[in-house]
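To start, the structure under review is shown below, and the notes come after it.
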Amino acid sequence: MASSRVSQLLGHVQTPAGECSLCILPRHRQVHTCGPNAQKYGSSIFKLTAAYKADTFADKVNLGVGAYRDDDNKPWVLPVIKKAKAILANDEALDHEYLPITGLPEFTSAAARLILSPDSVALKEGRVASVQTISGTGANHLGALFLSRFYEFNGEKQVFLSNPTWINHLAIFKNVGIAPIYYPYYDPKTIGLDFAGFVNSLRNAPKRSVFLLHACAHNPTGVDPTPEQWEQLADVILEQGHYAFFDCAYQGFASGDLDRDASAVRYFEQRGVPMLICQSFAKNAGLYGERIGALHVIGSTKAEADRVKSQLSVLQRSEISNPPSHGARLVSMILNDPQLFAEWQRDIKTMAQRIIDMRDRLFDILTNKLKTPGNWDHIVNQIGMFSFTGINAEQVNALIEKAHIYLTANGRISMAGLNSNNIDYFAENLDKAVRGTL
Ligand code: KET
């Protein structure tokens, strides 16, 4: 039973003779869905969820996927979303026609103001090309595809990703012919940021390189640069003529404050760093399945932004034609109505605060009650949905196998999976895993 759970996680699929072991197509078929990296970049996070669901153990815990849960371990439909849904349901004027290719205009414009601020100079000058996308993943894909077609790479097409990063970044860029390479980011010795390594890599990369930056609440480490460090990063990026590819999937989740979590993006915009921003409403509006997001590309002139938008709409047309309307209508209503917006801000605070409380509780149990070996300051210092515990793959395996606690192999835990009912169970088993007694 235990080992079968591990093989499930590793994605080892037993197939009958004559079938490709990776994509389960007959071996003689000319088009295979496998290829050398099919398993490496596979949907391991969703396999983890499936293994958790299949587990019949009563006290099982899912700390895998980055999806918010309330203190009863239930998905939380934000009260403001319930309200917006009711308004939409009663709106007789709404139909189900196609949206424009670049999305619902009142959504994309409000989404751009949310991340860049209503005072953004780029917005006032009409220099932002905004397109509605299939959530944050779609924004990353469209942004990567756009760069792959139109960015003037200095040599090889490559993107610099933080080591580590959201695992899907690798597949997304490879998919459009851009080679992912890592820049140093997380330092296991300090369980913090390897700032010197990061800056060094910015200095040594070819001029005009593309650097992917997590706007806030870095996934998976929960380690963000400080405001002063962002300033220094902007200095080097400008010096070297690099391009900033911002992924912003957690606005509001880092601090509980939408504006504060947008500060790095806004600062870079003010400094005139060439950049694009991928925005997701999956987490901060709890709209995971609605697939609502946006891509914002900042141009140096309005004419350039107009050309970019036109190219983005050509790419979008061939991929999804036009984006789905429901999530766009919900978010647009909330962003454009001051009362609903204020209510959304309160909902975000509720989620962020519960996560911060869990961090405090976990830290307290590990350090004061269990006296778990090692330093656990990072649990409270890291921010956002995730904590990078620093435990090794063997300890992760023990937690999955012996305690039915599901987490990714790199030791990342989704803090939102912890609640008042399971936090003691988790802490006790983590303590045992660290001591090697589990
Ligand atoms: N960027 C980052 C950094 C990210 O963590 C996610 C999702 C996304 C983009 C895409 O989110 P979307 O739902 O497409 O708006 N991360 C969680 C889920 C996943 O892996 O797809 C996670 O890391 O658990």
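We count ligands from 1, going down the list as the structure has it; atoms in each ligand are counted the same way.
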- Query: Starting from atom 17 (C) of ligand 1, which protein heavy atom do you reach first, and at what distance in Å?
  - Reply: Lys283 NZ, 3.0 Å
- Task: May I ask whether Met385 places a heavy atom under 4.0 Å from ligand 1?
- Result: no
- Check: Phe245 ring centre within less than 6.0 Å of Phe173 ring centre: yes
- Item | Within-shell test, Tyr250 vs ligand 1, heavy atom, strictly < 4.0 Å | yes
- Note on the structure: Arg291 heavy atoms within 4.0 Å reach ligand 1 at atoms 12 (P), 13 (O), 14 (O)
- So which protein heavy atom does atom 12 (P) of ligand 1 come closest to, and at what separation? Ser135 OG, 3.4 Å
- Item | Those atoms of ligand 1 less than 4.0 Å from some heavy atom in Gly66 | 22 (C), 24 (O)
- With distance as the sole criterion, is a donor-acceptor pair present between the side chains of Asn200 and Tyr183 under 3.5 Å? no
- Task: Compute the shortest N/O to N/O distance between His169 and ligand 1 and return yes if it is under 3.5 Å, no if not.
- Result: no
- Query: Counting both backbone and side chain atoms, is some N or O of Gly136 under 3.5 Å from an N or O of ligand 1?
  - Reply: yes
- closest protein heavy atom to atom 2 (C) of ligand 1 is Asp247 OD2, 3.4 Å
- Message: Taking a cutoff of less than 4.0 Å between a non-hydrogen atom of the residue and any ligand atom, is Arg412 in contact with ligand 1?
- Response: yes
- Note on the structure: Residue, atom and distance of the protein heavy atom nearest atom 11 (O) of ligand 1 read Thr137 OG1, 4.0 Å
- Task: Would you check the N or O atoms of Asn140, main chain and side chain alike, for any that come under 3.5 Å of an N or O of ligand 1?
- Result: no
